Amino acid sequence: MKLWGKYLLCGFVISLLSGCQVRPTDQGQQYKDGRISEDFQLVNIPNAQGSPINAGDFQAQVKFISKSSPRLYGNNRATLDAIQNWMLSGGDPRELNQYGLLAYQMDGDDNYGNVKFTGYYTPVLQARHVKQGEFKYPLYRMPSKSRFRLPNRAAIYNGALSEKFIIGYTNSLIDNFLMEVQGSGYIDFGDGSPLTFFGYSGKNGHAYQSIGKILVNRGEVPLEKMSLKAIHQWASQHNESEVRELLEQNPSFVFFKPEPFTPVRGASAVPLVAEASVASDKVLIPPGTALLAEVPVLDKTGKFTGQYRMRLMVALDVGGAIKGNHFDIYHGVGHDAGEAAGFYNHYGRVWVLKKSSSGFLTANQ
């Protein structure tokens, strides 16, 4: 693993991004302003325009961290406090050094700073405690540990698991699957009781296969239109056996744990604030890391507008598909959040912020 401390101040300043306004692509700017020589390159001033637009949300996220995870907060307090003081003064990226903050630009997978953004959310599903009518698609709790490997998705759909592991029946197989992708969700049992939070409990241990990629490879959905919404629309236009056949191409299966109504929490056990928290590759970006991100702005149909907005976010979650220079932005709860999250498969830039007097972290600390 590389040490944050090895990236010495080199005085290198990447030229201002004039191209972002004149060379946009469908997935956000593909930066070619200058090759970045390190995984995290220390810069004098982030090559970005405008101040972060989510100061209030970031402050709320920091409060959740301090209350829910004192240790995580303590490890990152100097940086988080400095960022909040910087934001109170207006959040001008040119003034980061005045608050003892250092900015390390991520190189992106191409060494030109192109960092991938996707989105996730927390769905709300209708369900019943017992199988009835349209409510016939089971959700499962994690089976007891065994020396035997758990069955794959197709076998589970065929009833390989005991009914004692069933924790509810929904009215949509595709919605069950999409909740698995998100890792958690709220369940409305339709009996007037508060929503039940179904948190992530574990997986069956089989390799994950992207059904979105399968649909693209089959020519069912164009690559440029692929999104969670596109997958849901495809499912609504096909019969149950066709949907099931597609889902069974992904042998991985996620189990859930019912909990009383609770705020959505990430892997760090901290409640998540929409668009102020991300899932990251914890080997590269440790939990609690503060990020300054230049995020592409999409319209209501999911198309890139050619504009960007600066956001402050904290890495508080992880995901099986989130590796390397890739962040999954949390978008909130419910249908609208899901639609917004599903559109994201775009590129922007990210700077890791560190308080200069707080030292440096190893990539796996």
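A quick note: this is a predicted structure, and the numbers were derived from the prediction, not measured.
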Between atom [atom1] of [X] and atom [atom2] of [Y], what is the distance when rounded to the nearest 0.5 Å?
{"X": "Tyr112", "Y": "Asp107", "atom1": "OH", "atom2": "CG", "result": "12.0 Å"}
{"X": "Leu72", "Y": "Leu316", "atom1": "CG", "atom2": "CG", "result": "6.5 Å"}
{"X": "Phe40", "Y": "Met106", "atom1": "CZ", "atom2": "CE", "result": "4.5 Å"}
{"X": "Thr170", "Y": "Phe135", "atom1": "OG1", "atom2": "CZ", "result": "8.0 Å"}
{"X": "Lys229", "Y": "His335", "atom1": "NZ", "atom2": "NE2", "result": "7.0 Å"}
{"X": "Tyr157", "Y": "Arg244", "atom1": "OH", "atom2": "CZ", "result": "8.0 Å"}

Residue pair Tyr330, Thr122: steps toward the side chain to side chain donor-acceptor pair (under 3.5 Å) verdict: CA-CA 9 Å; Tyr330 180 64; Thr122 306; 2.8 Å; yes
Is any side-chain heavy atom of [X] closer than 4.5 Å to a side-chain heavy atom of [Y]?
{"X": "Val264", "Y": "Phe197", "answer": "yes"}
{"X": "Leu292", "Y": "Pro52", "answer": "yes"}
{"X": "Ile166", "Y": "Lys131", "answer": "no"}
{"X": "Lys257", "Y": "Tyr200", "answer": "no"}
{"X": "Ile187", "Y": "Leu139", "answer": "yes"}
{"X": "Tyr104", "Y": "Asp39", "answer": "no"}
{"X": "Val62", "Y": "Gln84", "answer": "yes"}
{"X": "Val270", "Y": "Gln61", "answer": "yes"}

Least distance between heavy atoms, [X] atom then [Y] atom:
{"X": "Ala290", "Y": "Ile83", "result": "CB-CD1, 3.4 Å"}
{"X": "Phe117", "Y": "Pro296", "result": "CD1-CD, 3.9 Å"}
{"X": "Phe189", "Y": "Ile167", "result": "CZ-O, 3.8 Å"}
{"X": "Gly212", "Y": "Met226", "result": "O-CE, 3.3 Å"}
{"X": "Pro271", "Y": "Pro263", "result": "CB-CB, 4.0 Å"}
{"X": "Ser268", "Y": "Pro287", "result": "OG-CB, 3.6 Å"}

salt_bridge(Glu245, Arg218) N-O dist < 4.0 Å: yes
Salt-bridge present (Arg153, Glu180; N to O < 4.0 Å): yes
Can any side-chain N or O of [X] pair as donor or acceptor with the backbone N or O of [Y] at less than 3.5 Å?
{"X": "Asn204", "Y": "Pro251", "result": "yes"}
{"X": "Thr289", "Y": "Ala315", "result": "no"}
{"X": "Ser277", "Y": "Val314", "result": "no"}
{"X": "Asp317", "Y": "Ala279", "result": "no"}
{"X": "Asn54", "Y": "Glu275", "result": "yes"}
{"X": "Asp328", "Y": "Val278", "result": "no"}
{"X": "Asn250", "Y": "Gln209", "result": "yes"}

Atom pairs and distances, side-chain donor-acceptor, residues 94-103, under 3.5 Å, sequence neighbours left out:
from, atom 1, to, atom 2, distance (Å)
Arg94, NE, Asp92, OD1, 3.2
Arg94, NE, Asp92, OD2, 3.2
Arg94, NH2, Asp92, OD2, 2.8
Tyr99, OH, Ser89, OG, 3.0

Shared hydrophobic cluster, [X] / [Y] (ILVMFWY, side-chain heavy atoms < 4.5 Å):
{"X": "Val181", "Y": "Leu215", "answer": "yes"}
{"X": "Phe256", "Y": "Met142", "answer": "no"}
{"X": "Ile174", "Y": "Tyr208", "answer": "yes"}
{"X": "Val124", "Y": "Phe198", "answer": "no"}
{"X": "Leu272", "Y": "Tyr73", "answer": "yes"}

Candidate pair Phe253 and Leu150, rule side-chain contact (heavy atoms from CB on, under 4.5 Å), full reasoning: CA-CA 10 Å; Phe253 193 91; Leu150 290 170; over 6 Å; no
Steps toward side-chain contact (heavy atoms from CB on, under 4.5 Å) verdict (Asn114, Asn325): CA-CA 8 Å; Asn114 289 287; Asn325 286 263; over 6 Å; no
Side chain to side chain donor-acceptor pair (under 3.5 Å) assessment of Asp336 paired with His331: CA-CA 9 Å; Asp336 290 346; His331 277 73; over 6 Å; no
Heavy-atom neighbours of Arg77 CZ exceed 12 at 6.0 Å: no
Gln132 CD: over 12 foreign heavy atoms closer than 6.0 Å: yes
Verdict with supporting geometry, Glu259 and Arg265, salt bridge (Lys or Arg N to Asp or Glu O under 4.0 Å): CA-CA 12 Å; Glu259 303 175 27; Arg265 297 174 185 267; over 6 Å; no
Audit row: Asp188, Gln126, side-chain contact (heavy atoms from CB on, under 4.5 Å) steps and yes/no: CA-CA 5 Å; Asp188 183 353; Gln126 300 295 315; 3.5 Å; yes
Side-chain H-bond candidate by donor/acceptor type, Glu240 with Tyr137, under 3.5 Å: yes
Geometric class of the Trp234/His238 ring pair [parallel <30°, tilted 30-60°, perpendicular >60°]: parallel
Ring geometry between Phe255 and Tyr140 (parallel below 30°, tilted from 30 to 60°, perpendicular above 60°): perpendicular
Sole residue of Gln49, Arg349, Arg311 in side chain to side chain donor-acceptor pair (under 3.5 Å) with Glu294: Arg349
Candidate pair Val352 and Ile285, rule side-chain contact (heavy atoms from CB on, under 4.5 Å), full reasoning: CA-CA 9 Å; Val352 173; Ile285 302 293; 3.9 Å; yes
